[in-house]
Amino acid sequence: MTDPSNDTTPHRLLVIDGHSMAFRAFYALPAENFATATGQHTNAVYGFLTMLLTMIRQQQPTHVAVAFDLDTPTRRSEEYAEYKAGRSETPQEFYGQIDLIVKVMEALRIPTITLDGFEADDIVATLATLSEDAGWETRVVSGDRDVFQLITDRTLVLYPKKGVSDIPLMDAAAVEEKYKVSPAQYPELAALVGETADNLPGIPGVGPGFAAKWLKEYGDLDGVLANADKITGKKGESLREHMDNVHRNRRLNALVRDLELPVTLEATTLEQPDREQLEELFDALEFNRVRQRVFDTFDERLGTTTEPAQDDVTPDFTVADSAQQVNDFLAEHGGELLGVYAEITGPEMVAKRKIPVPGDYGTVTGVSFAADDAGLFVDLTSDSAAAKAARDALADPALDTAVYDVKSIIKAFGSTASIDGVQDDALISAYILQPDRRSYELSALVEGYLNANLDTGETPAAGQQALDLDGAEEESKAQQRAHDAVRAAWMIRRLSQVFTPAVIERGAQQLLQNLEIPLAVVLAELEFAGVAIDEARLGELLQQFSDEADAAQESAWAANDGEKVNLGSPKQLQVVLFEKMDMPKTRKTKTGYSTDVDSLNDLLERTGHAFLQNLMLYRDATKLKQTVQGLKDAVAEDHRIHTTFSQTTAATGRLSSLNPNLQNIPVRTEAGRQIRDVFTAGTLPTGEQTQLLTADYSQIEMRIMAHLSEDEGLITAFKDGEDLHRFVGANVFDVDPQDVTSEMRSKVKAMSYGLAYGLSSFGLSKQLRISVDEARELMSAYFDRFGAVQTYLRDVVKQARKDGFTETMLGRRRYLPDLTSDNRQLRDMAERAALNAPIQGSAADIIKLAMLGVQRELTEQQLRSRMILQIHDELILELAPGEEEQAERILTEQMSSAIELRVPLDVQVGRGRSWNDAAH
DNA sequence: TATGGAACGTA
DNA sequence: CGTACGTTCCATAG
């Protein structure tokens with residue numbers, strides 16, 4: 001047995017019979033446990049992948065290839081029509097998984113080989129032969145025993161015993177041990193015995209034992225056949241009767257070893273996978289656990305540090321310790337775009353919970369600048385002259401820079417430096433180009449766009465190592481730190497050089513430079529400002545909701561025979577509701593039956609059980625309690641909450657809010673309003689009391705739909721300024737506006753909003769608790785009256801399918817490759833996203849424009865009032881005393897004139913001492 | 001300890 | 001079988 005760890009041979013090819021192994025994987029793993037949200041089964045893909053990883057780890061190949069069958073006739077089926085006949089239909093769940101495996105192999109940069117007229121095992125045999133001839137080691141992975149004939153000293157077979165985890169290595173000795181013939185003779189034995197799986201009958205009554213005995217006695221198959229007469233008994237008789245079978249079997253099970261393959265051996269070299277593609281695929285397949293294993297395996301096999309490309313060497317750099325050195329660098333390189341990287345430490349994290357300490361934005365401890373072939377690092381931990389020169393450079397509007405995440409830099413600098421001259425922010429550019437990326441981390445962008453690593457094993461020039469033993473270690477640490485920072489700046493510059501032409505080509509340069517980058521600066525101001533919190537009231541609310549939750553819990557337990565189930569555990573609830581109490585089954589979820597509020601209400605109607613009511617009360621109270629607790633934990637030392645706005649999260653162009661999320665504070669219930677009441681107008685450093693001003697766009701998405709669809713009816717509705725839903729209701733129900741009942745109005749309202757989400761008649765019926773027929777009639781009446789809306793929505797999807805993306809009014813794109821998917825669920829989802837993205841995204845464009853306008857006016861008019869929050873269609877300002885009217889005018893004007901539509905943009909404003917008050 | 005699902009808040 | 005998010009908890013995997 002060859003020791004697989006004995007890696008003295010430079011080349012080792014792993015060649016896999018893809019179809020055979022995919023099938024093994026499929027049957028080894030339960031299909032029902034491996035499916036994506038969209039119903040695509042993935043058990044074969046998963047099994048195949050884990051098998052591949054195991055093989056790579058165990059066998060340490062330098063080359064890998066996978067062969068697949070085609071669905072076309074092969075030499076075998078041509079010769080013998082019944083070949084593989086009688087096999088049961090390929091199961092539905094297997095369908096499509098081969099394609100997925102091929103895609104995964106593509107992303108792994110492992111060649112997949114098919115050849116018209118030939119099956120995978122012929123390809124495998126040819127590759128193994130080429131490898132053998134080249135003097136390489138070979139490992140063949142296949143569940144087909146025919147490959148045993150390939151075994152030599154250097155070519156071994158991995159034949160799965162069961163599943164894909166137990167795959168022992170078969171060498172000549174193992175074959176001889178098991179079948180009592182040599183590998184070369186194995187197909188002769190198989191010809192005699194036959195192969196049920198391939199529908200190749202052999203000699204009835206003859207098994208491997210007798211076959212081996214005969215072969216040994218007469219030397220080989222020809223010998224056995226020539227001496228058939230000499231074999232006595234039933235088995236001899238059978239042999240003579242079925243000689244044709246044997247001849248045919250032998251012809252068919254001989255593997256073709258000299259095919260013309262479309263790839264060379266060299267092309268099977270194991271390479272670094274395409275991480276981007278792989279991430280995307282794994283996202284779609286919902287492979288998360290295996291993802292890291294894939295990367296680890298390849299890293300381990302290939303080494304994490306790939307050979308740096310010729311052009312991938314961090315430029316020489318200077319560590320500046322004088323202003324002169326900074327200025328010299330800028331004098332020489334300041335004329336070109338400089339990559340700038342800010343080394344930021346912290347912020348401190350609140351123990352255990354991984355959220356930053358409220359109000360702590362970290363510190364910039366160093367900054368690096370990178371030109372094409374030169375770099376500079378400046379330590380900023382002390383107030384040196386070099387540090388000052390670096391800060392001045394960053395503030396210089398004439399110095400063109402490309403940065404990464406300007407908002408974080410501004411926040412970490414705080415008041416200690418300002419930033420100007422930013423031409424590009426790689427974070428934001430990447431978002432403009434690919435708004436649905438999973439990660440925008442600098443390292444991910446470098447890997448994805450530059451095919452390089454941010455972090456190399458590179459160490460700076462050894463010449464720097466002083467002989468002074470005491471100082472040497474620290475010296476080299478400092479040098480490494482500077483090197484890493486310069487490399488980051490250099491990568492940012494290179495990213496920018498890739499992104500900028502792509503952004504220009506897309507026509508999104510305005511969007512980037514005049515909207516998103518300036519907005520990042522504005523957002524930093526919002527985050528700095530924060531919103532004042534009435535902490536005392538917040539504490540009272542926490543107690544209140546906590547008491548309510550406790551009371552509801554007690555009542556629920558009482559209604560459950562005093563049994564104390566965890567009301568927060570859907571799993572335990574399922575046991576109580578559907579097993580113990582034997583209630584009717586609700587909607588199915590991935591893990592059982594749903595216990596969401598709709599389901600519980602349904603059950604309450606049917607059973608009237610007191611447990612349900614109290615459970616819902618508990619849910620409500622707990623949710624509120626959690627929200628309040630989250631707010632409490634987020635209050636900073638200045639008694640304010642400083643949320644973080646993420647500018648690169650929502651694929652449509654919206655902002656998102658985190659730590660804490662202030663865009664989902666309850667509003668519809670009384671309790672929600674109580675919570676909004678703790679968001680208050682703060683006090684200025686001068687001690688003056690401020691006020692809050694809120695302004696929101698009314699029905700902005702409907703207005704955008706009216707604008708984009710150019711529907712005359714809808715445009716008229718908005719121009720007349722009357723109640724939109726009443727107007728639409730009058731048209732849909734064909735009555736006078738004053739005769740529209742509140743029921744009609746709410747139906748129409750739900751439908752209008754639903755349209756922008758791709759609501760179906762089924763969905764509408766469920767929401768309004770009406771029949772599907774009624775819902776369908778409602779929709780058709782709507783489209784009769786507002787035909788252009790229907791045309792618009794249809795055209796949006798059509799255009800998106802053609803282009804592969806949707807676009808907002810400001811040219812913000814969202815790519816939707818699933819529009820052409822074979823998977824209906826995926827395709828439908830993509831269509832709904834396509835409907836929604838231009839509408840939601842244009843609304844996001846508009847309020848972002850408004851924010852820039854508001855900020856500009858507040859500054860120009862030198863007001864102390866400031867913007868503090870954005871909630872998608874709402875802006876909140878904190879007003880300094882005496883500025884109320886002026887600020888309100890700015891807000892209204894800037895919001896309503898942010899963009900010119902075919903309908904007016906209506907803005908509702910309100911003022912008050914709290915967010916709740918201001919909204920009324 | 002990290003990850004995913006369910007649930008639920010907002011626009 | 002309505003889009004876009006973030007947070008929380010529990011359960012599971014390791």
Side-chain angles (χ1 to χ4, degrees), chain A residues 37 286-293 352-355 435-436 565-574 587-600 615-616 618-620 622-631 633-634 643-646 649-669 671-672 675-676 696-701 750-768 772 775 806 814 816 824-825 828-841 843-844 847 869-874:
Chain A
E286 299 173 17
F287 284 2
N288 295 304
R289 224 165 286 287
V290 83
R291 187 184 309 236
Q292 197 53 47
R293 261 165 54 211
K352 195 167 174 210
R353 309 188 49 196
K354 287 191 302 189
I355 60 167
D436 53 0
V565 286
N566 182 344
L567 299 179
S569 161
K571 204 181 164 206
Q572 293 183 36
L573 286 178
Q574 281 170 33
R587 178 173 64 84
K588 269 193 185 147
T589 69
K590 223 169 193 172
T591 53
Y593 298 99
S594 171
T595 67
D596 68 10
V597 70
D598 282 345
S599 304
L600 293 183
L615 172 58
M616 286 189 275
Y618 171 82
R619 283 245 178 99
D620 287 344
T622 316
K623 179 80 182 174
L624 292 164
K625 183 182 151 192
Q626 282 163 3
T627 302
V628 170
Q629 183 66 53
L631 293 175
D633 293 341
T643 187
T644 301
F645 290 103
S646 170
T649 295
T652 53
R654 273 190 176 179
L655 300 177
S656 79
S657 157
L658 64 161
N659 292 335
N661 181 359
L662 296 187
Q663 290 177 326
N664 72 341
I665 301 302
V667 66
R668 292 181 226 283
T669 60
I675 294 177
R676 287 194 174 212
D696 64 86
Y697 283 113
S698 64
Q699 297 148 337
I700 189 168
E701 296 197 349
M751 181 163 60
S752 292
Y753 278 109
L755 286 177
Y757 301 145
L759 184 67
S760 64
S761 49
F762 177 90
L764 184 63
S765 74
K766 218 177 68 172
Q767 191 189 323
L768 295 177
V772 177
T806 62
R814 177 172 183 187
L816 293 162
R824 221 196 76 173
Q825 201 183 339
D828 287 352
M829 279 170 59
E831 285 182 4
R832 292 192 294 267
L835 283 184
N836 181 250
I839 299 170
Q840 189 184 115
I847 197 165
L869 289 176
Q870 188 251 47
I871 301 100
H872 308 309
D873 67 351
E874 175 183 9

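We name chains A, B, ... by the order of the sequence lines, and we start the count at 1 in each one. No experiment lies behind these values; they were computed from the predicted model shown.
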**Asked** Which part of the nucleic acid does A843(A) contact within heavy-atom distance under 4.0 Å: base, sugar-phosphate only, or nothing?
**Response** nothing
**Request:** Using the C1' atom as the reference point in each nucleotide, state the distance between dG4(B) and dG2(C) in Å, no decimals.
**Result:** 23 Å
**Asked** Given atom CG of N836(A) and atom C1' of dC5(C), what is their separation to the nearest angstrom?
**Response** 12 Å
**Request:** Enter the distance from I871(A):CD1 to D696(A):CG here, rounded to the nearest 0.5 Å.
**Result:** 9.5 Å
**Prompt:** What's the CD-P distance between Q870(A) and dG6(C), to the nearest Å?
**Reply:** 13 Å
**Asked** Between R587(A) and D598(A), is a salt bridge (Lys or Arg N to Asp or Glu O under 4.0 Å) present by the stated rule, with each step listed?
**Response** CA-CA 10 Å; R587(A) 178 173 64 84; D598(A) 282 345; over 6 Å; no
**Asked** If you check every side-chain atom of T652(A), which of dG6(C), dG2(C), dA4(C) has the closest atom?
**Response** dA4(C)
**Prompt:** Base, sugar-phosphate, or nothing for R814(A), non-hydrogen atoms under 4.0 angstrom?
**Reply:** sugar-phosphate
**Request:** Using atom CD of Q626(A) as one end and atom P of dT8(C) as the other, report the distance to the nearest whole Å.
**Result:** 7 Å
**Asked** Do any side-chain nitrogens or oxygens of Q572(A) fall under 4.0 Å of OP1 or OP2 in dA11(C)?
**Response** yes
**Prompt:** Which letter, B, S or -, goes with each nucleotide of nucleotides 4-11 of chain B from 5' to 3', with contact meaning a protein heavy atom under 4.0 Å?
**Reply:** SSSSBBSB
**Prompt:** Are S656(A) and dG6(C) close enough that a side-chain N or O sits under 4.0 Å from OP1 or OP2?
**Reply:** yes
**Message:** Once ring pair (Phe, Tyr, Trp, His ring centres under 6.0 Å) is applied, do any residues pair with Y593(A), and if so which ones, sequence neighbours excluded?
**Reply:** F578(A)
**Item:** Those residues that, when tested against T595(A), pass side chain to side chain donor-acceptor pair (under 3.5 Å) (two or more places apart)
**Value:** R619(A)
**Prompt:** Less than 4.0 Å between a side-chain N and a carboxylate O, is that true for D828(A) and R824(A)?
**Reply:** yes
**Nearest-Å distance for atom pair CD/P, residues Q825(A) and dG2(C)** = 11 Å
**Message:** Can you tell me if K571(A) touches the phosphate of dT12(C), counting only side-chain N or O atoms and a distance under 4.0 Å to OP1 or OP2?
**Reply:** yes
**Asked** Over how many whole Å does the gap from R293(A) atom CZ to dA13(C) atom C1' extend?
**Response** 12 Å
**Complete:** Sorted by chain and number, sequence neighbours left out, side chain to side chain donor-acceptor pair (under 3.5 Å) with T806(A) holds for none
**Asked** Looking for any heavy atom pair under 4.0 Å, which part of the strands does T622(A) touch: base, sugar-phosphate only, or nothing?
**Response** nothing
**Request:** Round to a whole Å and report the spacing from CG of L816(A) to P of dT3(C).
**Result:** 12 Å
**Message:** Does S657(A) reach a base, just sugar-phosphate, or nothing at all? Heavy atoms under 4.0 Å.
**Reply:** sugar-phosphate
**Item:** Counterpart residues, side chain to side chain donor-acceptor pair (under 3.5 Å), relative to T643(A) (two or more places apart)
**Value:** S657(A)
**Asked** Any idea which of dC9(C), dA4(C), dC10(C) is nearest the S569(A) side chain?
**Response** dC10(C)
**Asked** Looking for any heavy atom pair under 4.0 Å, which part of the strands does N566(A) touch: base, sugar-phosphate only, or nothing?
**Response** sugar-phosphate
**Item:** Listed partners of Y753(A) passing ring pair (Phe, Tyr, Trp, His ring centres under 6.0 Å), at least two apart
**Value:** H725(A)
**Item:** Interatomic distance, R291(A) CZ vs dA13(C) C1' [rounded to whole Å]
**Value:** 16 Å
**Request:** Check the distance between dC9(C)'s C1' and L615(A)'s CG and give it to me in whole angstrom.
**Result:** 14 Å
